[in-house]
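Throughout, a chain's letter reflects where its sequence line sits, starting with A, and its residues are numbered from 1.
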Amino acid sequence: MTPETKPKAGLYPVGQAEPAPPPKLPATFEPAEPLPAPEPSRRRNPAWRWVVRTGAALVLGLIVLDLGLFLEGLFDRSLALGAAFSLLVGAAVVAILSWIGMEIRQIRKLGAVEAIRIHAAEVLARDGHGGAMGFLAEARRALADRPAVARRFDRLEDMVLETMSDRDAMELFRREILVPLDMEAYSAVRRAAQWTAIGVSASPVAGLDALIALWRSVRMIRQIAEAYGLRPGPIATMSLARRVLTGVAGISVVDVMGDMWAQHLGHRVAGLLSAKLAEGVYAAVRVARLGLLAMGTCRPVPFTSEDEPSLSRLRTEITGSLVRSLNRPEKAEG
Amino acid sequence: MDRKTAADRFGRWVAPVAAEAGRQFRRAGEAVLSQTIRVAVTGLARSGKTVLTAALVQNLLLARERPTLLPFFAPAHERRLLGVERLPTRLRTSFPFDMVMNCLSADPPVWPPSTSGISELRLAIEYRPRGIGARLLADRAAVTFVLIDYPGEWLLDLPMLERGYEAWSAETLGLARTPPRDALARPFLSAAEAPLANAPAEAEAERLSALYTEYLRACRANPVNLSFVQPGRFLLPGREAEADPRLLRFAPLPPGSTRLHALMAERFERYKRVLVEPFFRDHFRRFDRQLVLVDLLSALDSGYEAFRDAERAMNAVLSVYRYGRTGLIRQLFGARIDKVLFAATKADHITPNQYNNLRALLEAMAMREGRFPGLEEGALAFGLVAALKCTEPAMLRFQGRPVEALRGVPVGAEEEQVLYPGEIPAHYPTPADWREGRFRFVDFLPPRRSDPLRQGVRGIYLDKALDFLIGDRFR
Ligand SMILES: Nc1nc2c(ncn2[C@@H]2O[C@H](COP(=O)(O)OP(=O)(O)OP(=O)(O)O)[C@@H](O)[C@H]2O)c(=O)[nH]1
Ligand SMILES: [Mg+2]
């Protein structure tokens, strides 16, 4: 607070004062502390790891070798045939590589969500001015890959002024961007859950219902990720699913999947529904819970208690729709 | 066949009746939901009442088409505004809205002139009710938003209503004898303490009132820039006083019982009766909400004495509103004001990192004289506003580091300059806070090419102010 640390208050000519451009805040964000390293996944037996690695190398080597021999044979027969197939193989390799690259990029982006989340928490904690601008630029890059979302960002940028406090800017961000995305993701969860409920209770074969639930969950996770600006392919979706399941601190996968029966379907309700129906609701609630966890994982700002989607509401919606859909044919008969 | 035609006839008869009944019902619903809300904009001279009024109205007029203009005004961002229009005023002169907007959008833009009379602005805001219950009654409702504009000088006449001539004289002379006023008041004080005994009372009253007016002018002027000047009409007479200048021919006197004294006391009472009382009775009664505008920055800029004086003036006015008052003031105002917003104006004169300090200082100043226990929890708020943002953010390089600053064209300058406004004390300041170079605030010209007529007036937190003052009425 010594006078030398601050200029003297007053007017300065524009030229002499070297006015820098207006405070465009750093668009990229460097977290003050390095991100905590992800929890090491369950230790595998190193010997087993070597088995996997050497196995993979063996398969890859065989494929390469086989392809080489195959092409060589073709070249022996005819130059044109060999050249054409080499081209095809080359194209396939490029396609596979670029696909892997895209998946890796998506997985990286998944990691970026974490950084954005820390950034948001920092902006909110600081309670200052101007810090939100950098956050919004970052959020835009992460979220606005669809034109509709980009338009909403345009609107938001029209509203957020540099005179606004960060809290206010973040409130506008929540209202203008997050809430619509939440609704989108939420309806993906609801659709998946309802679908699972009906599919499982209608499935004639045991085992098929599990497949249905799994397939629907994967699709749902992908849709949720897409709502929040991610575009995961199969690999990235799996990585996301793993993140969702391991992200729940203190709860093991088994817990998440296991305690539903007791927790969300009391005996009374279970008694009202036929066993098959109850099974459907059980599966649906499981999918819904997974969906809400996935929303929490993909959302660039943590939920507040105010806008947290509620599982109990979802459950009511699922049960309601299931009962409705099953009642209809009965009534028609009777 | 027969039955069908009968039903037809019946239908033909009943349909218009039903339609008419529906219309009536809707009209009744609209009437139930329609309401008037009056906001008292309370601010001393040059505190920014006129510009702020125009800015609020202009943005409301555009809010339906440009919902991004007022993102924190709930009816606007919820897209429930159906139409906003200015209504003709019935009893009072209407607010010179177009004149003000023309000034701000001229090229180059200028500030509107100081207000010299009272005017009223009525705005009809049609909206879609929010609740299902309300929407069953009517699918559209209206709020009539009423604002009054007046010269800020007149506001300080309000506390005079509570005083008799003797008390007022003692108070006013006491103040005139303390620095920094004493130097300015010397000619008037020596004349008031020794009035010419043989001059006619009428002529003497005229001479003294002229000297007193001179003294008030000097108080308001540079370099002292004081705020507490009574009576306000001496500086800004208004139509009635211009028609009858004798209304203003008086001045405070030391206690005595001369003819002059009696004449002064009588004129003082007449001034209150003819000018002050009707002004407050007719224009300030029945307000629902109050917006207190405080130009803290100018007060700070002019030094400790000016700051304390601005505070004294504000408190003199607010004491009238404070809880527990009875008598005349109670009759004039009733007890209807249920929400009060204190706003530090011209926030564009400081950098955003000082906003929290400014708000804290405003609160410290307003709460020093006591609370407002008549208000419910959450009905009193402190904020800051700028009617029109005249500056842009800039960076000043100081010892190799960038420092937040502002860029704009100061009043009286031709070219843009950079202002480093310094730091606002976040607590109630002591004289030691006026260190050389600690803070500096200058008036800026309105921004060029901001196109307020089509783009709206870009200010600071106008929407939050509106939302606090009237947002809750759009149910
Ligand atoms: N920078 C800036 N200056 C403002 C703003 N509002 C008002 N001013 C300045 O303050 C002056 C007075 O504003 P007015 O709105 O005329 O004030 P008023 O309270 O109506 O004054 P009276 O009519 O004399 O009582 C203007 O001429 C401007 O110089 C604002 O939002 N920003
Ligand atoms: Mg005015």
Side-chain angles (χ1 to χ4, degrees), chain A residues 1-26 123-134 136 150-180, chain B residues 66-72 77-78 301 347-348 350-356 359 384-386 389 391-410 413 415-424 435-442 455 458-461 463-464:
Chain A
M1 284 307 268
T2 49
E4 289 86 47
T5 61
K6 290 276 152 61
K8 211 172 136 205
L11 284 169
Y12 295 80
V14 168
Q16 194 182 311
E18 296 178 48
K24 270 272 176 284
L25 275 123
V123 167
L124 282 174
R126 199 156 6 105
D127 189 21
H129 279 87
M133 298 287 199
L136 293 183
R151 266 195 308 272
R152 266 192 248 127
F153 265 100
D154 288 342
R155 248 171 68 95
L156 177 70
E157 276 158 23
D158 216 21
M159 292 179 191
V160 175
L161 310 172
E162 83 282 350
T163 49
M164 212 172 252
S165 79
D166 288 341
R167 293 235 166 118
D168 290 334
M170 294 297 276
E171 168 57 21
L172 289 181
F173 171 68
R174 192 186 73 81
R175 199 178 81 193
E176 298 293 322
I177 308 286
L178 283 184
V179 169
Chain B
R66 302 178 56 93
T68 55
L69 203 54
L70 300 170
F72 283 111
H77 93 248
E78 290 162 3
D301 199 50
D348 58 323
I350 56 172
T351 48
N353 57 14
Q354 298 300 308
Y355 287 175
N356 287 344
R359 205 178 291 119
L384 42 89
V385 291
K389 196 161 78 75
T391 60
E392 290 297 322
M395 283 288 175
L396 198 61
R397 207 151 277 286
F398 181 72
Q399 299 185 341
R401 284 181 307 108
V403 178
E404 265 188 69
L406 301 166
R407 192 160 47 85
V409 184
E415 290 290 308
E416 246 188 10
Q417 290 184 311
V418 171
L419 172 71
Y420 174 65
E423 288 179 350
I424 306 234
R435 267 198 328 269
E436 173 67 14
R438 167 97 186 257
F439 40 70
R440 176 95 178 84
F441 313 109
V442 298
Q455 305 288 320
R458 285 285 179 178
I460 298 173
Y461 282 140
D463 48 354
K464 284 209 156 175

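Within residues 167-175 of chain A, the residues having any heavy atom closer than 4.5 Å to a heavy atom of chain B are A:D168, A:E171, A:L172, A:R175, listed by residue number.
Contacts between B:P421 and chain A at a heavy-atom distance below 4.5 Å involve the backbone alone (N, CA, C, O). B:F441 does not touch chain A: none of its heavy atoms, backbone or side chain, sits under 4.5 Å away.
Looking at A:R155 and B:P67, their side chains come closer than 4.5 Å, going by heavy atoms from C-beta outward. Annotation: side chain of B:Y461 is not in contact with side chain of A:T163 (no heavy-atom distance under 4.5 Å). Side-chain contact between B:L396 and A:P7: present, with at least one pair of heavy atoms (C-beta onward) separated by less than 4.5 Å.
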Checking A:L11 against B:V442 for the side chain to side chain contact (heavy atoms under 4.5 Å, CB included) test, could you report, in this order, the C-alpha distance in whole Å, the side-chain angles of both residues, the deciding distance, and whether it holds? CA-CA 8 Å; A:L11 284 169; B:V442 298; 4.1 Å; yes

Test B:R397 against A:Y12 for side chain to side chain contact (heavy atoms under 4.5 Å, CB included), laying out the working first. CA-CA 11 Å; B:R397 207 151 277 286; A:Y12 295 80; over 6 Å; no

Verify side chain to side chain contact (heavy atoms under 4.5 Å, CB included) between B:K389 and A:E162, making sure each step is shown before the conclusion. CA-CA 11 Å; B:K389 196 161 78 75; A:E162 83 282 350; 2.9 Å; yes

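The closest donor-acceptor contact from the side chain of A:H129 to the backbone of B:N353 lies at 3.5 Å or more, if one exists at all.
Per-residue counts of heavy-atom pairs under 4.5 Å with chain A were compared for B:E415, B:R458, B:R66; the largest is that of B:R458.
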